[in-house]
**Student:** 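Mind looking over this structure? Questions follow.
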Amino acid sequence: MALSASTLGLRRLLSATFSPSLKNLSVCATRDSSSIPQIEGIDNSNLPPLTTPKLFISGLSRITTDEKLKEAFSRYGQLLEAKVITDRASGRSKGFGFVKYGTIEEAEEARKGMNGHFLDGWVIFVDPAKSAAQKATAKQSEAYSSPSGVKANKTVGWCG
DNA sequence: GTTGAGCGTT
């Protein structure tokens, strides 16, 4: 019950703001229109502490580039790396990327600041990046829930 | 040139 509620909640909020080319802002924007970014149903204050300064960013718009990612995340600390993963064949964004900070503290701030917020009209999710070993572990324990505190790590975006 | 799951290149 609780799962579907948050999932539905997520799906309803759509893109918003910041993009001048979007006209239906009022439809998409949340009630608190002063400084939108937060999606309903996400508690960035209740997240487990990070163990790595490297973050996995999902839900990116396909028009989001390395530079845009860097711009969005550099306010939380010094970025050692910021990369949007592109398909080697087509050269276009796969819709996710990585950012790496010098310290875990900076990464924490970035996650709290950007998880569930908007970038280029799409809701992005910020999670700790996995190492190869962590990926294997995650496969074994199926009961492991979403790192971002959202059950369905689905992307939300594009209103209208 | 956007429609959507997921963990990258040396």
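Quick note on labels: first sequence line is chain A, next is B, and so on, each numbered from 1. Quantities reported herein were computed from a predicted structural model and do not represent experimental measurements.
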**Student:** How many whole angstroms separate atom CZ of A:R111 from atom C1' of B:dC7?
**Tutor:**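 Nearest whole value for this atom pair: 16 Å.
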
**Student:** Taking only the side-chain nitrogens and oxygens of A:R88, find out if one of them lies under 4.0 Å from OP1 or OP2 of B:dT9.
**Tutor:**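 A:R88 to B:dT9 OP1/OP2: no side-chain N or O under 4.0 Å.
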
**Student:** A:K68 vs A:E71, test: salt bridge (charged side-chain N to carboxylate O under 4.0 Å, His left out). Steps then yes/no.
**Tutor:** CA-CA 5 Å; A:K68 195 67 188 286; A:E71 285 179 19; 5.7 Å; no

**Student:** Kindly indicate whether the side chain of A:K54 and the base of B:dG8 share any N or O donor-acceptor pair separated by less than 3.5 Å?
**Tutor:**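 By the distance-only test, yes, there is a pair.
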
**Student:** What is the distance, to the nearest angstrom, from the CZ atom on A:F56 to the C1' atom on B:dG4?
**Tutor:**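 Checked: the CZ to C1' distance equals 12 Å.
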
**Student:** Using a cut-off of less than 4.0 Å, is there contact between a side-chain N or O of A:K100 and OP1 or OP2 of B:dT9?
**Tutor:**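 Checking B:dT9 against A:K100, no side-chain N or O comes under 4.0 Å of OP1 or OP2.
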
**Student:** How long is the line joining CG of A:D87 and P of B:dG8, in whole Å?
**Tutor:**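 It works out to 13 Å between those atoms.
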
**Student:** Between B:dG8, B:dT2, B:dC7, which one does the side chain of A:I85 approach most closely?
**Tutor:**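 Within the option list, the nearest is B:dG8.
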
**Student:** Among B:dG4, B:dT9, B:dG8, which nucleotide has an atom closest to any side-chain atom of A:E81?
**Tutor:**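 Ranking B:dG4, B:dT9, B:dG8 by closest atom to the A:E81 side chain puts B:dG8 first.
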
**Student:** Could you check how far CZ of A:F96 sits from C1' of B:dT2, rounded to whole Å?
**Tutor:**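 Checked: the CZ to C1' distance equals 17 Å.
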
**Student:** Measure CG/A:L55 against P/B:dG6 and give the value in whole Å, please.
**Tutor:**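 In whole Å, B:dG6 P and A:L55 CG are 20 Å from each other.
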
**Student:** Quick check: on DNA chain B, is the nucleotide nearest A:R92 upstream (toward 5') of the one nearest A:T86, or the reverse? Name the residue that is more 5'.
**Tutor:**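 That would be A:R92.
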
**Student:** Quickly work out the A:L60 CG to B:dG8 P distance and round it to whole Å.
**Tutor:**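 Result: 15 Å.
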
**Student:** Out of curiosity, A:I42 CD1 to A:L47 CG, how far, rounded to the nearest 0.5 Å?
**Tutor:**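 These two atoms lie 9.0 Å from each other.
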
**Student:** May I ask whether A:F98 stacks on the base of B:dG8, given the cut-offs of 5.5 Å between ring centres and 30° between planes?
**Tutor:**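 Per 5.5 Å and 30° rule: yes, stacked.
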
**Student:** Do A:I57 and A:V84 have side chains that get closer than 4.5 Å, going by heavy atoms?
**Tutor:**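 No, too far: nothing below the 4.5 Å cut-off.
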
**Student:** Kindly determine whether A:R111 and A:N44 satisfy side-chain contact (heavy atoms from CB on, under 4.5 Å), including the steps that lead there.
**Tutor:** CA-CA 8 Å; A:R111 176 171 62 168; A:N44 282 342; 5.5 Å; no

**Student:** The side chain of A:S58 lies closest to which of these nucleotides: B:dG8, B:dG6, B:dT3?
**Tutor:**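 Comparing B:dG8, B:dG6, B:dT3 against the side chain of A:S58, the answer is B:dG6.
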
**Student:** Specify the separation, in whole Å, of atom NZ of A:K68 and atom C1' of B:dT2.
**Tutor:**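 From A:K68 NZ to B:dT2 C1': 15 Å.
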
**Student:** Ignoring hydrogens, what is the shortest heavy-atom contact between A:E108 and A:L50? Give both atom names and the distance.
**Tutor:**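 Minimum heavy-atom separation between A:E108 and A:L50: OE2-N, 2.9 Å.
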
**Student:** Starting at atom CH2 of A:W122, determine the distance to atom C1' of B:dG6, rounded to an integer number of angstrom.
**Tutor:**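 So the CH2-C1' distance, A:W122 to B:dG6, works out to 14 Å.
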
